[in-house]
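Here is how names work: the chains are called A, B, and so on, in the same order as the sequence lines, proteins then strands, and each is numbered from 1.
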2 protein chains.
Amino acid sequence: MRTTRVSGSSRVEARRAQTVREILDAAWQLAAQSGLDALSLREIAARVGMQAPSLYSYFPSKAAILDALFEDGNSRLGDVLASVHEALPANAAPRRRLVELLTAWIGFCQADQARYRLMFTSALPGWQPSESAYRSSLDNYQRLSDYLALAGVTDPGDLDLCTALSAGLVAQQMANDPHGDRWSRRVGEVVDMFLLHTASRDRRAARPAKGTS
Amino acid sequence: MRTTRVSGSSRVEARRAQTVREILDAAWQLAAQSGLDALSLREIAARVGMQAPSLYSYFPSKAAILDALFEDGNSRLGDVLASVHEALPANAAPRRRLVELLTAWIGFCQADQARYRLMFTSALPGWQPSESAYRSSLDNYQRLSDYLALAGVTDPGDLDLCTALSAGLVAQQMANDPHGDRWSRRVGEVVDMFLLHTASRDRRAARPAKGTS
DNA sequence: GTCTATAGACGGATAGAC
DNA sequence: GTCTATCCGTCTATAGAC
């Protein structure tokens, strides 16, 4: 035993992974600063002290870089949501879980507008996340539906409703008050409204039924 | 009196207005077919049988064309909302008014994805509606707040909440089921939820008060 | 792996003849 | 008003030397 193996083949792999990391960080920085549309290979390369064609040693195309950013963003969001989860007491009420989840999500979006646009609006000229990149986003969606299930909300239609409420809040927030809280401060109100709605409707639906056995 | 004057100076003005109309129609058609990002002066011009530079006789820049499209879209949306308004009986319940307004709006968005993106998402590379173009969108927003006022909803915060609900429904619909009704069919449910929420909260707020006189 | 050089395409906008 | 010709900028991506 000599050195700490990182993955496949020792140090060159590690060095390579570090360069990839630098490229992605430079891309995030550039996107945040100049907008997602201004992301060009030339500029990314310049930030890591390279010439543009050298990037092709690390990524086969610009789309691959965007895919990597998309996955990176979802991974970071996963960390945020996990830390929210860990900070909650084990017996936290479902209402509180939902409020804190959504609040953290909106905060995550507000922290970087370009990242928000990349991850949550499909509005980038010639790009769509690849299928494998897209899969990386499903874990975070899963966390939302887990929390909803804790609140007794299991109907898929109600999940759709909840995603629409969340998407609407964050979209209005990002578009009209990106650094404020004009919409995000209503998260608690919206969650109450939503849970009351689903609960009371379930109650109504349950009344006519007389048991299935 | 000879001929029907259209605006300033007789026939040349009318002919000019008609060409402008043709240009905008060609632009809508191109955007719907090839996407908003593919809108190029060359392609627009080709569709009206011109060369690209000739467009500069009608618009000073590409941004001016986008502004005109934005205003045109808002004008058409105004027509749609007005016809919904006229079709409603004078004594229609506020709940019904809201449902039909939002349903019509979502239908309008679904009818043309590119138009939706131009009018309602600020996600076009280097363009923002000019201030005067933006003003053309306020009339339609006003219609929503008028209907909300009929339902007793006057608090600005509640208006924000309602725009978030609407924006969320339409965004999810456009992004995930552009030709279906997975979200739009829940408009009635959402309106009920919203109106119940505002009404019951107002009731709670009114209880502790004992009159202001 | 990194570089220089460049291909190849597309974009908005302008000059100036007709 | 419309055209041709063109400027000048952007971009991704590739070829090939080192």
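What separates CD of Gln51(A) from C1' of dA5(C) is a distance of 11 Å, to the nearest Å. As rounded to whole Å, 15 Å separates atom P of dG1(C) from atom CZ of Arg11(A). The separation between Arg42(B) atom CZ and dA5(D) atom C1' is 11 Å, rounded to whole Å. Atom-to-atom, CG of Leu41(A) to C1' of dT14(D) comes out at 13 Å; the value is rounded to the nearest Å. Asp37(A) has its CG atom 16 Å from the P atom of dG11(C), to the nearest Å. Between the CD1 atom of Ile23(B) and the C1' atom of dT2(D) there is a distance of 12 Å, rounded to whole Å. Across the protein-nucleic acid pair, Glu22(B) atom CD and dG1(D) atom P stand 14 Å apart, rounded to whole Å. If you take CD1 of Ile65(A) and C1' of dC11(D), they are 13 Å apart, rounded to a whole angstrom.
Within 4.0 Å (heavy atoms only), Gly126(B) reaches no atom of the nucleic acid at all. Residue contacts shown for Leu55(B) are absent, as no nucleic acid heavy atom lies under 4.0 Å away. Within the nucleic acid shown, Tyr56(B) comes within 4.0 Å of at least one base atom, counting heavy atoms only. Using a 4.0 Å heavy-atom cutoff across all strands shown, Ile44(B) reaches no nucleic acid atom at all.
Set against dT2(D), dT12(D), dT2(C), the side chain of Ser57(A) has dT2(C) as its closest nucleotide. Set against dT2(C), dG11(C), dT12(D), the side chain of Met50(A) has dT2(C) as its closest nucleotide. Closest to the side chain of Ser61(A), from the set dA13(D), dG1(C), dA13(C), is dA13(D). Looking at the side chain of Pro53(A), the nearest of the listed nucleotides dC11(D), dC3(D), dT14(D) is dT14(D).
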Test log, rule ring pair (Phe, Tyr, Trp, His ring centres under 6.0 Å), inputs Trp105(A) and Phe120(A): CA-CA 11 Å; Trp105(A) 179 52; Phe120(A) 300 110; 5.3 Å; yes

Asp37(A) vs Arg117(A), side chain to side chain contact (heavy atoms under 4.5 Å, CB included): CA-CA, chis, key distance, verdict: CA-CA 10 Å; Asp37(A) 301 303; Arg117(A) 207 180 128 202; 3.1 Å; yes

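Relative to the six-membered ring of Phe108(A), Arg115(A) meets both conditions, a distance below 6.0 Å and an angle of at most 45° to the axis.
Ring geometry, Tyr147(A) versus His85(A): the interplanar angle falls from 30° to 60°, so the pair is classed tilted.
When the side-chain nitrogen and oxygen atoms of Ser54(A) are compared with OP1 and OP2 of dC3(C), one or more of them lie within a distance under 4.0 Å.
Classification of Asp160(A) and Arg186(B) as a salt-bridged pair fails, no side-chain N sitting under 4.0 Å from a carboxylate O.
When each of Leu39(A) and Tyr58(B) is assigned the nucleotide of DNA chain D bearing its nearest heavy atom, the one mapping closer to the 5' terminus is Tyr58(B).
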